[in-house]
There are 2 protein chains.
Amino acid sequence: MNFQIHTDHSKCGDCPIRHRAVCAHCDQDELEALEEIKYYRSFEAGQTIIWSGDQMSFVGSMVSGIASLTQTMEDGRTQMVGLLLPSDFVGRPGRDFAPYDVVATTDIVMCCFRKKPFEDLMARTPHIAQRLLQMTLDELDAAREWMLVLGRKTAREKIASLLSIIARRDASLTKGGMSGPMVFDLPLTREAMADYLGLTLETVSRQISALKRDGVILLEGKRHVTIPDMGRLMEEAGDDTDGGFLV
Amino acid sequence: MNFQIHTDHSKCGDCPIRHRAVCAHCDQDELEALEEIKYYRSFEAGQTIIWSGDQMSFVGSMVSGIASLTQTMEDGRTQMVGLLLPSDFVGRPGRDFAPYDVVATTDIVMCCFRKKPFEDLMARTPHIAQRLLQMTLDELDAAREWMLVLGRKTAREKIASLLSIIARRDASLTKGGMSGPMVFDLPLTREAMADYLGLTLETVSRQISALKRDGVILLEGKRHVTIPDMGRLMEEAGDDTDGGFLV
DNA sequence: CGGATGCCTTGACCGAGATCAAGTGGATGA
DNA sequence: TCATCCACTTGATCTCGGTCAAGGCATCCG
């Protein structure tokens, strides 16, 4: 498994995920303690970062890029159970073996900590444990939201749900505006979307074509999406149009 | 909403969930602080304990009985997103509004704390926060396990998965043996099972009949289940037969 | 330049599970 | 005792999404 140690971003103060990651609540002292033990690793698109069942020797935060958590049955059926974005935490303090595969969807940079030193630090640093609890609760909410999508939504609603999540996330990470048309690139292949949504890639393709035909989305090439009317998309997703955006 | 204050179980030391709930890691002092602010509430089967969107004024632990977390779309489609069993934690410190309906499936007793005092206590008591983090991580794992079931399993596999989960949980709560035939009562109606599995109640009924016809399960009445061969059931569920039982 | 590969689209057909409908059996209550 | 109700079962039919198959289009590499 090839990886490199990066030396950029070496100051936590300059880190792009400083205020969203596990370290978000840390004060200067705590940040310095983290700086002591952290190191950067890069992975290329397609690489498996962690294999299900492997010993987990490190934990860390996504700095840039996208990775996915997936579960696979013996016969090959696979379900994505999480999408890891910048600032998301990878790994689980207090557990030795990885329950899922973690695969790099794009090129990735992670800020890593060897597990044991991190656990020790966490025991002494309530700010880290508190932040991790918050983040875990948010992930649990996201997982449960997704259970509704998987269990009860139609293929068209599933696609619309995924697009609206990506769009919202993109808006919150970059410019921040939710008004007016939203423009972004799909970070996932059709197959990855299918694995996320419990569909086949053919159905994903058909439903994207249908949403395009119906003017709900505009497509340039296969990945570049424009959403002229976010409210319309959310109706298609079967979500409340009104509900305040929590993310 | 009718409820009663119970005075039994008033000593935490005697509490049946003492070593599994949020208070599991507490020492004697901490337990006394909890005892100060706790109170018991009962709910009858069918009662809604918390409505989605409501202000959450309390958090608490399930002492006995079963409740479900459900999400509902405007058109009535509903998906269960969690099953609350004795020792499970209800509510979310740091959040004001309930994201899901919590409904009593059977008669229930909960050990409650008003949210604010509990949050204050948690800030001062790392043992509680640590335990809550552990429990939340476990729930996240369970939710992700369930995403595989919802997204990729067939109706028959879904039913087998649910039965094996209930059987395993029952074994871990009561006698503890996983060898030999397992016997238990289904705590859910066919409709609740359907809501859990993303199916219709007719399909649930048909698949249960099929598993019975094929000798995978034995049924006495509509709820009393005997599983002659747990390995067989797990094969039907599409799970690894070998994998160590984590729960 | 031409073949291979990866990602995507589209069509034809099929089947698992949803929908609609009727009926069973046990519990409750007048 | 009979009517009602509820949870459940079973059958007939329909439909959404899966499966199988072919082809398009960009990129890479010999």
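From a predicted model like this one, the values you see are computed outputs, not experimental measurements. Below, each value reflects all heavy atoms present in this structure, side chains not excepted, and no hydrogens, waters or symmetry copies. Letters go in sequence order (proteins before strands), and every chain restarts at 1.
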(message) Under 4.0 Å, heavy atom to any atom of DNA chain D: which of residues 210-223 of chain B qualify?
(response) B:Lys222, B:Arg223
(message) Distance check needed: D:dC6 P versus B:Leu201 CG, whole Å only.
(response) 14 Å
(message) For nucleotides 12-21 of chain C, give me one character per nucleotide, 5' to 3': B if any protein heavy atom sits under 4.0 Å from the base, S if the only such contacts are to the sugar-phosphate, - if neither.
(response) B----SSBB-
(request) Whole angstrom is fine here: how far is it from CG in B:Asp195 over to C1' in D:dC8? (result) 15 Å
(message) Going by side chain to side chain contact (heavy atoms under 4.5 Å, CB included), name the residues that satisfy it together with A:Thr136, two or more places apart in sequence or in a different chain.
(response) A:Leu132, B:Leu133, B:Thr136, B:Leu137, B:Leu140
(request) Could you tell me which residues satisfy side-chain hydrogen bond (donor to acceptor under 3.5 Å, both in side chains) with A:Asp214, sequence neighbours excluded, listed by chain and number? (result) A:Arg156
(message) Whole angstroms only, please: what is the CG-C1' distance between B:Asp185 and D:dA7?
(response) 15 Å
Just distance, no hydrogens or angles: give the donor-acceptor pairs under 3.5 Å from side chains in residues 181-191 of chain A, sequence neighbours left out.
from: A:Asp185; atom 1: OD1; to: A:His224; atom 2: ND1; distance (Å): 3.0
from: A:Thr189; atom 1: OG1; to: A:Glu191; atom 2: N; distance (Å): 3.4
from: A:Thr189; atom 1: OG1; to: A:Ala192; atom 2: N; distance (Å): 3.0
from: A:Arg190; atom 1: NH1; to: A:Lys222; atom 2: O; distance (Å): 3.2
from: A:Arg190; atom 1: NH2; to: A:Lys222; atom 2: O; distance (Å): 2.8

(request) Salt-bridge test for B:Arg144 and A:Glu139: reply yes if a basic N is under 4.0 Å from a carboxylate O, no otherwise. (result) yes
(request) Scan for side chain to side chain donor-acceptor pair (under 3.5 Å) pairs involving residues 103-113 of chain A, sequence neighbours excluded, and state none if there are none. (result) none
(request) Evaluate the side-chain proximity of A:Phe43 to A:Met110: yes if any heavy-atom separation is below 4.5 Å, no if none is. (result) yes
(request) Going by the side-chain contact (heavy atoms from CB on, under 4.5 Å) test, name the single residue among B:Asp88, B:Leu85, B:Val63, B:Val22 that passes it with B:Ile17. (result) B:Val63
(message) Between P on C:dC8 and CD1 on A:Ile159, what's the gap in Å once rounded to a whole number?
(response) 12 Å
(request) Could you pull out the closest heavy-atom pair between A:Phe97 and A:Met56, with the gap in Å? (result) O-CE, 3.6 Å
(message) If I take atom CG in residue A:Leu188 and atom C1' in nucleotide C:dC8, what distance separates them, rounded to the nearest angstrom?
(response) 15 Å
(message) Is there a side-chain contact between A:Ser209 and the phosphate of C:dT10, meaning an N or O under 4.0 Å from OP1 or OP2?
(response) yes
